[in-house]
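Take a look at the structure set out below.
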Number of protein chains: 2
Amino acid sequence: MENPPEKTPATWESLPTWLLTQTASHAQRLVAEGFSSVGARGYHYRLLATLEEFGPASQAALGRRSGIHLSDMVAAINELTDRKLVERAPDPADRRCNIISLTAAGKRQLRRLEKRLAETQDELLAPLSPEERQRLTELLSRLLDHHSRRTRTPE
Amino acid sequence: MENPPEKTPATWESLPTWLLTQTASHAQRLVAEGFSSVGARGYHYRLLATLEEFGPASQAALGRRSGIHLSDMVAAINELTDRKLVERAPDPADRRCNIISLTAAGKRQLRRLEKRLAETQDELLAPLSPEERQRLTELLSRLLDHHSRRTRTPE
DNA sequence: ACCCAATCGTTCGGGCAACCAACGTTTGAT
DNA sequence: ATCAAACGTTGGTTGCCCGAACGATTGGGT
């Protein structure tokens with residue numbers, strides 16, 4: 001999306017969906033860059049943060065809480081265990097389950113990722129005043145709220 | 001992202017980058033659904049719209065104007081020619097080039113896609129008042145502007 | 001007139017986030 | 001005891017974005 005050097009003053013450029021997805025792609029790039037500078041990606045942060053917030057859990061529970069698909073958990077957890085940021089232990093009470101828990105190194109890494117993430121927020125919102133930032137997040141929250149309620153089966 | 005039925009009241013949920021990327025993913029889903037209901041996807045719309053706005057052009061020029069990578073043009077144009085929405089003709093003046101042009105059916109399809117797209121805007125912004133919609137697009141425009149200027153080499 | 005750099009279309013490949021289908025193992029409720 | 005459900009795992013698919021390479025063709029410089 002950044003490559004093509006030609007101007008594109010096209011019809012769709014002002015549509016909310018376009019503005020949204022485009023700014024989001026910039027945001028994602030910034031976040032990913034921040035994370036990759038410490039050798040991680042989005043899933044890693046989400047998992048580490050979820051682990052700290054809710055404590056050790058099975059892969060399935062972890063996936064539900066962090067919004068990561070079960071089939072993507074395997075690779076993500078593997079990558080984290082390879083880096084010793086997380087431990088995968090069999091659940092003695094239920095042999096189907098692995099219990100994933102945060103290591104000390106994992107906690108340190110989480111601190112680093114949080115720092116990067118905070119910097120990224122600022123980079124993203126650079127051109128906006130504090131009040132504008134406030135309004136933007138408020139509007140986005142409303143939108144997200146509305147649409148996740150419709151998709152997440154109400155009950 | 002919509003699948004897991006569990007609540008995820010996690011740390012990062014209020015971060016602007018999260019709100020942005022998540023609402024964007026909802027937006028993208030809505031757009032994609034709208035398009036696919038008439039057998040198209042994003043690239044198709046972008047190409048048809050660009051063709052109508054700028055007239056027939058080579059694949060390369062078309063790609064630059066619509067922000068689609070050259071290497072992705074082949075497949076997209078193939079799909080459009082298969083559906084007779086677009087014509088690929090050799091350029092008599094430059095045998096390296098294909099000249100892509102819109103057919104009547106392509107124009108009709110474009111009208112359909114525009115209609116879907118308009119409906120999608122409304123669906124996306126449903127919970128916002130007209131003034132709020134205005135403010136949101138203005139804020140997003142500012143952000144997008146700022147960040148695309150930094151990436152697109154100024155000159 | 002010639003050469004070389006640039007452009008065009010094309011193919012193949014990768015990355016990412018999200019998702020789906022299937023399977024064997026294990027569990028728990030009936 | 002059985003059977004549905006959950007768990008982890010493997011191996012796909014999709015859409016969008018990007019890069020490397022290559023043959024064919026072109027056009028500018030000299």
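Here the structure is a predicted model, which is why all the values come from computation and not from measurement. Quick note on labels: first sequence line is chain A, next is B, and so on, each numbered from 1.
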TODO: On DNA chain D, check which nucleotide each of A:D94 and A:N78 is closest to and give me the residue with the more 5' one.
DONE: A:D94
Task: A:H69 NE2 to D:dC7 C1', straight-line distance once rounded to whole Å - done: 13 Å
Task: Closest to the B:Q59 side chain, choosing from D:dC7, C:dT10, C:dA18 - done: C:dT10
Open item on the list: Is it the case that D:dC17 (base atoms only) and A:S25 (side chain only) share a donor and an acceptor within less than 3.5 Å, ignoring hydrogens and angles?
Closed with: no
Open item on the list: A:L20 and side chain to side chain contact (heavy atoms under 4.5 Å, CB included): which single residue from B:L124, B:T137, B:T21, B:V31 fits?
Closed with: B:L124
Open item on the list: Quick one, B:L30 and A:H147 - any side-chain contact, counting heavy atoms below 4.5 Å?
Closed with: yes
- [ ] For the side chain of B:Q28, starting at C-beta, report the closest nucleotide among D:dC7, D:dC16, C:dA18.
- [x] D:dC16
TODO: Look at B:R41 and D:dC16 and indicate whether a side-chain polar atom (N or O) is within less than 4.0 Å of OP1 or OP2.
DONE: yes
Task: B:H44 NE2 to D:dG15 C1', straight-line distance once rounded to whole Å - done: 11 Å
Open item on the list: Measuring only between side-chain heavy atoms, which start at C-beta, is B:E52 closer than 4.5 Å to B:R111?
Closed with: yes
- [ ] Would you indicate what B:N98 reaches in the nucleic acid, counting non-hydrogen atoms under 4.0 angstrom: base, sugar-phosphate, or nothing?
- [x] sugar-phosphate
Open item on the list: Using whole Å, what does the distance between atom P of nucleotide C:dT11 and atom CD1 of B:I77 come to?
Closed with: 13 Å
Task: Below 4.0 Å: OP1/OP2 of C:dA18 and any side-chain N or O of A:Y43 - done: yes
Open item on the list: Quick check on DNA chain C: between B:A57 and B:D72, whose nearest nucleotide comes earlier from the 5' end?
Closed with: B:A57
Open item on the list: Assess whether a salt bridge exists between B:R142 and B:E138, defined as any Lys/Arg side-chain N lying under 4.0 Å from an Asp/Glu carboxylate O.
Closed with: yes
- [ ] Mind calculating the distance between CZ (B:R29) and C1' (C:dA17) to the nearest angstrom?
- [x] 14 Å
TODO: Return yes if some donor-acceptor pair links the side-chain N/O of A:E53 with the main-chain N/O of B:T11 below 3.5 Å, else return no.
DONE: yes
Task: Nearest-angstrom distance from the residue atom CD of A:E79 to C1' of C:dC16 - done: 12 Å
Open item on the list: Measuring to OP1 and OP2 of D:dC7, would you say a side-chain N or O of A:R88 lies under 4.0 angstrom away?
Closed with: no
Task: Rounded distance in Å - CE (B:M73) to C1' (C:dT11) - done: 16 Å
Open item on the list: Could you check whether the side chain of B:S71 and the base of D:dG19 have a donor-acceptor pair of N or O atoms closer than 3.5 Å, going by distance alone?
Closed with: yes
Task: Check: C:dT25 base within 3.5 Å donor-acceptor of A:R96 side chain - done: no
Open item on the list: Measuring from the side chain of B:R95 (C-beta onward, heavy atoms only), which nucleotide among C:dG9, D:dT26, C:dT10 has the closest atom?
Closed with: D:dT26
- [ ] Figure out the CG/P separation between B:L47 and D:dC16, and round it to whole Å.
- [x] 11 Å
- [ ] Mind calculating the distance between CG (B:L70) and P (D:dA20) to the nearest angstrom?
- [x] 14 Å
